[in-house]
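Protein chains get the first letters and strands the later ones, always in sequence-line order, with residue 1 at the start of each.
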Number of protein chains: 2
Amino acid sequence: MVATVLGSELKKGTSEVLILSILENRPRHGYEIAKLIEQRSGGLVDFHVASLYPMLYRLERRGWIEGKWVEKAGQRRRRFYKLTAMGRKALPEQRRSWRELIRVMEKVALSGS
Amino acid sequence: MVATVLGSELKKGTSEVLILSILENRPRHGYEIAKLIEQRSGGLVDFHVASLYPMLYRLERRGWIEGKWVEKAGQRRRRFYKLTAMGRKALPEQRRSWRELIRVMEKVALSGS
DNA sequence: CACCATATGTAGCGACGATATATATAGGTA
DNA sequence: TACCTATATATATCGTCGCTACATATGGTG
C-alpha cells in the first residue's frame with residue numbers, strides 16, 4: 001500500500017470492475033480485496049483502502065455485492081462481500097464497456113507516440 | 001453530441017489524453033476538438049462541450065496547451081489551442097501511463113467474462 | 001513493551017464529467 | 001420575415017470518485 005505509480009486521474013472508474021472481478025470466484029473481505037488488487041497488478045494499482053470501503057458501500061447499496069460480518073475466535077471481525085445475482089450479471093457488461101473504452105482510446109489517443 | 005454510450009464513470013480521466021492527442025498535429029479550437037473526438041471514436045465517446053471547456057482551461061493553466069483568440073471576417077471568434085513544449089513532452093508520458101493501465105486492467109479485471 | 005501488519009471506518013478536499021442555462025452568429029428554409 | 005439548426009464559447013451547480021489524513025482496534029513478532 002505504498003507508491004502510486006499510475007496517475008490518480010487514470011484510476012477513476014477502475015475500482016468497480018476490479019472489485020467485481022476479485023469477487024467473481026469467491027467472497028473476500030475489504031482488506032483482502034485491496035491486497036489482491038495490489039498483488040495482481042504487480043503493485044501498479046495501489047488501491048487505497050480509504051477509497052475502497054466507501055466504494056464497497058456504494059456497490060452494496062446498488063445491490064451488486066452483499067456484505068456479511070464474520071467473527072472467528074482469535075480474529076478480528078471481518079466483513080466478507082460476495083457478488084449478488086445482479087452483480088454477477090453486471091460484471092460482463094462492465095467488462096464489455098471497458099473493452100470498448102480501451103478500443104476507442106487506442107484508436108483515438110494511443111496510436112501515436 | 002447526443003448519446004452517451006459508455007458509462008460516465010469510465011470516461012473519467014480520458015479527456016486529457018484525448019485532447020492532447022487531437023492537438024498533436026495542429027492547433028484546433030474547442031468545438032472542433034469535441035467534434036473530432038466524437039467522429040474519431042465513432043460516436044462512442046460523446047464529449048460534452050460543457051465539460052470540455054473547463055478542461056481546456058485547466059490544461060492551459062498547467063502549461064500544456066496555449067490558447068489564442070482568432071477573429072476572421074464573417075466568422076465568430078474562436079479560441080485555437082496548440083500544444084506547448086511541456087504539453088508535447090507530457091503526451092507520450094500520458095500515453096505510456098494509459099497503456100500501463102490498460103495492461104493492468106486486462107490482466108486483473110478483463111481476463112474473464 | 002514497542003512496532004508492524006491487519007482490519008474497518010470517517011472527514012474533508014480536489015478533480016472530473018454531467019446537466020442546465022446563457023449568449024451570439026451564420027446559414028438555410030418556410 | 002420568422003424560424004430553426006449548427007456553430008462557438010462560457011458559467012453555475014451537482015454527484016461521483018479517488019486522495020490524504022486521521023481514528024480505532026487487534027494479532028503477531030522482535
Side-chain angles (χ1 to χ4, degrees), chain A residues 1-19 27-39 44-62 67-81 94 97 101, chain B residues 1-19 27-39 41 44-62 64 67-81 94 97 101:
Chain A
M1 301 314 214
V2 183
T4 298
V5 180
L6 296 171
S8 62
E9 320 83 40
L10 291 181
K11 290 195 287 184
K12 286 181 182 168
T14 60
S15 58
E16 264 187 38
V17 201
L18 286 171
I19 293 173
R28 309 273 193 178
H29 60 91
Y31 194 79
E32 198 184 3
I33 294 173
K35 283 291 174 191
L36 280 171
I37 291 176
E38 196 194 355
Q39 283 167 25
L44 286 179
V45 173
D46 171 25
F47 219 21
H48 293 238
V49 280
S51 303
L52 178 69
Y53 290 114
M55 175 56 83
L56 288 174
Y57 307 148
R58 279 191 291 267
L59 287 175
E60 190 168 19
R61 213 165 45 234
R62 201 187 300 166
K68 189 179 65 172
W69 285 110
V70 175
E71 314 214 22
K72 279 192 185 174
Q75 275 191 338
R76 299 158 228 71
R77 57 169 201 161
R78 291 163 167 171
R79 191 163 174 80
F80 278 81
Y81 291 94
Q94 292 286 307
S97 292
L101 176 68
Chain B
M1 295 322 207
V2 182
T4 298
V5 181
L6 294 171
S8 63
E9 321 82 41
L10 290 182
K11 292 195 287 185
K12 288 183 180 167
T14 59
S15 57
E16 262 186 42
V17 201
L18 286 172
I19 293 172
R28 309 274 193 178
H29 60 91
Y31 194 79
E32 199 184 4
I33 294 173
K35 283 291 174 193
L36 281 171
I37 291 176
E38 196 194 355
Q39 282 167 26
S41 73
L44 287 179
V45 173
D46 170 26
F47 219 22
H48 293 238
V49 281
S51 303
L52 177 70
Y53 291 112
M55 176 55 84
L56 289 173
Y57 307 147
R58 279 191 292 268
L59 287 174
E60 189 168 21
R61 215 166 42 237
R62 200 188 300 165
W64 288 9
K68 191 178 64 173
W69 284 111
V70 174
E71 314 216 21
K72 280 192 183 172
Q75 276 191 334
R76 299 157 228 71
R77 57 170 202 164
R78 290 162 167 173
R79 192 160 174 80
F80 279 82
Y81 291 94
Q94 293 285 309
S97 292
L101 176 68

**Item:** Results of salt bridge (charged side-chain N to carboxylate O under 4.0 Å, His left out) for A:Arg62 - residues two or more places apart only
**Value:** A:Glu16
**Request:** Identify, with sequence neighbours excluded, every residue that meets salt bridge (charged side-chain N to carboxylate O under 4.0 Å, His left out) alongside A:Arg78.
**Result:** none
Between protein and nucleotides 28-30 of chain D, what N or O pairs are separated by less than 3.5 Å?
none

Round to a whole Å and report the spacing from [atom1] of [X] to [atom2] of [N].
| X | N | atom1 | atom2 | value |
| --- | --- | --- | --- | --- |
| A:His48 | C:dA11 | NE2 | C1' | 17 Å |
| B:Glu16 | C:dG17 | CD | C1' | 13 Å |
| B:His29 | C:dA24 | NE2 | P | 20 Å |
| B:Ile37 | C:dC16 | CD1 | C1' | 14 Å |
| A:Ile19 | D:dC17 | CD1 | P | 10 Å |
| B:Leu56 | D:dA8 | CG | P | 14 Å |
| A:Arg77 | C:dT6 | CZ | P | 18 Å |
| A:Gln39 | C:dT6 | CD | C1' | 14 Å |

**Request:** Check whether any side-chain heavy atom of B:Leu56 sits under 4.5 Å from a side-chain heavy atom of B:Glu60, and report yes or no.
**Result:** no
Any side-chain N or O of [X] less than 4.0 Å from the OP1 or OP2 oxygen of [N]?
| X | N | answer |
| --- | --- | --- |
| B:Arg58 | C:dC16 | yes |
| A:Tyr31 | C:dT6 | yes |
| B:Ser15 | C:dC16 | no |

**Prompt:** How would you list, by chain and number, every residue that makes a side-chain contact (heavy atoms from CB on, under 4.5 Å) with B:Arg28, sequence neighbours excluded?
**Reply:** B:Ile22, B:Leu23, B:Arg26, B:Glu32, B:Ile33, B:Leu36, B:Arg40
What distance do [X] atom [atom1] and [Y] atom [atom2] have between them, rounded to the nearest 0.5 Å?
| X | Y | atom1 | atom2 | result |
| --- | --- | --- | --- | --- |
| B:Gln94 | B:Trp64 | CD | CH2 | 4.0 Å |
| B:Ile37 | B:Leu44 | CD1 | CG | 13.0 Å |
| A:His29 | A:Lys68 | NE2 | NZ | 13.5 Å |

**Message:** Nearest to the side chain of B:Met55, heavy atoms from C-beta on, is which of D:dG18, C:dC16, D:dA10?
**Reply:** C:dC16
List, with names and distances, any nitrogen or oxygen atoms from the protein found under 3.5 Å away from nitrogen or oxygen atoms belonging to nucleotides 11-15 of chain D.
none

**Message:** A:Tyr57: which residues meet the ring-ring contact (aromatic ring centres under 6.0 Å, His included) condition with it, sequence neighbours left out?
**Reply:** none
**Request:** Might you point out which heavy atoms bring B:Gly30 and B:Leu52 nearest each other, and give the distance in Å?
**Result:** O-CD2, 3.1 Å
**Request:** Tell me which of A:Thr14 and A:Arg76 sits closer to the 5' end of DNA chain D, going by the nucleotide each one is nearest to.
**Result:** A:Thr14
